[in-house]
Protein chains: 2
Amino acid sequence: MKKKELQGVKEIARRANVAIATVDRVIHNRPGVSEKTREKINKIIAELNYQPNLLASRLASGKIITLGVLIPSVTEETDFWEAPLRGIQRAENEIRQYGIKVELFFFDLRDPGSFVAQANRLLEASVDGIVLAPAFIDEARKFATACQQARKPCIFIDSNLPDQPSLSYIGPPLFQSGYLAAKLCTYVLRDHSKLLVVNIATAMDSYTYKEIEEGFRTYFTDHRQHYPIIRADIHQTDFSSVARQLQEQFDANPSIDAVFVSNSRAFSVARFLESAGLPRKPLLIGYDFVSENTRYLASGLIDFLICHQPEDQGYRSIMTLYQFLVFSTPVAKDYYMPIDIVTRENQTFYRN
Amino acid sequence: MKKKELQGVKEIARRANVAIATVDRVIHNRPGVSEKTREKINKIIAELNYQPNLLASRLASGKIITLGVLIPSVTEETDFWEAPLRGIQRAENEIRQYGIKVELFFFDLRDPGSFVAQANRLLEASVDGIVLAPAFIDEARKFATACQQARKPCIFIDSNLPDQPSLSYIGPPLFQSGYLAAKLCTYVLRDHSKLLVVNIATAMDSYTYKEIEEGFRTYFTDHRQHYPIIRADIHQTDFSSVARQLQEQFDANPSIDAVFVSNSRAFSVARFLESAGLPRKPLLIGYDFVSENTRYLASGLIDFLICHQPEDQGYRSIMTLYQFLVFSTPVAKDYYMPIDIVTRENQTFYRN
DNA sequence: CTGAAAGCGCTTACAG
DNA sequence: CTGAAAGCGCTTACAG
């Protein structure tokens, strides 16, 4: 360990023959500096290739930056949001040192009202930036607009509101993940195979679902493979309803060789397959590394899970906001997560 | 943004009725403090649940921590090491602010002598921590021992030297990735299929290769699927040699339905397949998201690439060393990267 | 429009 | 064994 060579505002001030405070004004583009002085200082800054010492900056300013996070709470229904939360907290731990604080607001995925209530609380908390899971489209739109009016940068996570003002979207490329799922199906398809696309959800997120299914279908039209694609929209998520409706489909279409579940409820189909006693288990592809899914992945009933590193999404959303707020780092409008393929063989090493 | 409530050594000093310097001595366990004073101060530290401000600490000390990195240079043969280097540089950019410097030492993968020479230079550079790609086993062993004697923490990246002292290993789980490759093959295998395992390399890294191939074979024995597995060890890496030897194999074994290349040279097999005019293209699986491979992935000749996020390996190695040296964060002995499956359909979103 | 000075929470000589 | 003081590179009132 050796000593740093010294530098900084002091050196700039000396060379420009001005006070440090003036240099500071120029660096931060604050008013109250004559154009001439400003130019002189900027020239020196460029010459020196000056990089401000953020450590010193944050220490001296003593400000705390607060980030507000509005995401679903973990419920008995799904532990999906555990992962983003973990990532958010990991990020917070790393940057707490540097004066960043995270305030969490949870809403209930089954209750749009809770979203609105928490969104209002967040708005009043006077945070400096926002991470938002826009699960309820209309409500989220309103909230995003409010954020924009309050000039708070806002990052969408896990799903997007296209055409909505936001600093960035961090989440999966939906269409392409459906496209990939289709490709994976082809490894088991034969001449007279049929495909079954299943969506099991009480309501909403129709946007997400549509994108995925369109990607799925497009693969086959792109490759002129015209297997019949059957759809099952199951709105009651309890197992007996799911089982009943699946049974109907399989009775009507015995040659279903692949099942694609376009959200995280593949486990429900797996459970059905486990007990249905079909002559041949169809390929089963679903989404998300939630515990119920991974169990069936391990037991071989689910063949592929398509995943998008939700923990990293959470981590990245916080870090992006931090970099933007503190260092003014430019932010990509869309940050697409990779489309991960998780199987029984690689699941132990998967980092969700 | 609101003001932090104030705290710190000053408050401790006030309460203990001592000078700040004394508090500092206790915090850092430095000698020259009476037991009585030490206890008094420690008690107050505990009461206050005092957390030192690293920002201020690093700023005041003005020390620079230097990390030495010893990895292969990018050659015409392969651009694999571009990715870890990118990750290393990204990490450096993020923590340069905090007084960390990275010094790079490159060696030539074709020349063990260059490894030794650079290792010696690194040893003399008096760095505080080391990242090492132990490509040459014996030479790397010696170097690792020297690092240990010099009490420099050392992280292995991309491949491991088991039973060698190191702070951590960051890299792929080799056996398991071979196991996964085998599973992927099964989707195209039929009754009389044969498998071809190819290794194209001038020499060494036999350890890596063996682990992978063992994983590959174990899958089939685990599942009692006894397809004939043919091996091709190709030691001349120029295309005509590769093509000739592959042609021999395919002539002798027309029912090869899957080819597994256990290192990053699948592109060479792809090129062969492109011109060989086989009656049916076998499934082709290889390793690593290098540019030649991704081209053949896009054109459909390579079906799956197994990848281990080399950029992240580089990034993580630096960050781990940083956290360890600056914050004394505990470090996991082995950090296995996930086993990523990259196909034509998800390659655009892959983050190498 | 500009500058002198105090201070952020620590570390580091130096003096006693 | 202990303390007073300067300083790390910035920011922030405040004065002019």
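These numbers come from a predicted model, not from an experiment. Order of the sequence lines sets the chain letters (A, B, ...), proteins ahead of strands, with each chain counted from 1.
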Once you apply a heavy-atom cut-off of 4.0 Å, does B:Pro31 come out as touching a base, just sugar-phosphate, or nothing?
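Nothing, no nucleic acid heavy atom in range.
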Taking only Lys NZ, Arg NE, NH1 and NH2, and the carboxylate oxygens of Asp or Glu, determine whether B:Lys43 and B:Glu47 approach each other closer than 4.0 Å.
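Yes, this pair counts.
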Using whole Å, report how far [atom1] of [X] lies from [atom2] of [N].
| X | N | atom1 | atom2 | result |
| --- | --- | --- | --- | --- |
| A:Arg30 | C:dT2 | CZ | P | 15 Å |
| A:Leu55 | D:dC8 | CG | P | 14 Å |
| A:Arg58 | C:dG7 | CZ | P | 21 Å |
| A:Ile12 | D:dC10 | CD1 | C1' | 11 Å |
| A:Ile45 | D:dC10 | CD1 | P | 10 Å |
| A:Asn53 | C:dC10 | CG | P | 16 Å |
| B:Lys63 | D:dG7 | NZ | C1' | 15 Å |
| B:Ile41 | D:dC1 | CD1 | C1' | 11 Å |

Backbone N/O of [Y] and side chain of [X]: donor-acceptor pair under 3.5 Å:
| X | Y | answer |
| --- | --- | --- |
| A:Tyr315 | A:Arg86 | no |
| B:Asp128 | B:Thr66 | yes |
| A:Ser168 | A:Val331 | no |
| A:Asn53 | A:Ala56 | yes |

Using only side-chain N and O atoms of [X], determine if any of them is under 4.0 Å from OP1 or OP2 of [N].
| X | N | result |
| --- | --- | --- |
| A:Thr22 | C:dG3 | yes |
| B:Ser34 | D:dT2 | yes |
| A:Thr37 | C:dT2 | yes |
| A:Tyr50 | D:dC10 | yes |

Nearest-nucleotide 5' precedence on DNA chain C, A:Val18 against B:His28
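It is A:Val18, whose closest nucleotide lies nearer the 5' terminus.
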Residue whose nearest DNA chain C nucleotide is more 5′ - A:Glu35 or A:Ile20
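The residue closer to the strand's 5' end, by nearest nucleotide, is A:Glu35.
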[options]: which one has an atom nearest the side-chain heavy atoms of [X]?
| X | options | result |
| --- | --- | --- |
| A:Lys10 | D:dC8, C:dG9, D:dT2 | D:dC8 |
| B:Leu59 | C:dC10, C:dG9, D:dT2 | C:dG9 |
| A:Ala19 | D:dT12, C:dG3, D:dC10 | C:dG3 |

Closest-nucleotide 5' rank along DNA chain D - winner of B:Asn17 and A:Pro52
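Looking at DNA chain D, the more 5' nearest nucleotide goes with B:Asn17.
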Pair assignment for C:dC1, Watson-Crick or G-U wobble, requiring both distances under 3.5 Å
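Across all strands, the one nucleotide that pairs with C:dC1 is D:dG16.
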Full working for salt bridge (charged side-chain N to carboxylate O under 4.0 Å, His left out) between A:Glu139 and A:Lys142:
CA-CA 5 Å; A:Glu139 290 80 354; A:Lys142 276 192 199 127; over 6 Å; no
Side-chain donor/acceptor of A:Arg25 to base of C:dG3, under 3.5 Å:
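Such a pair exists between side chain and base.
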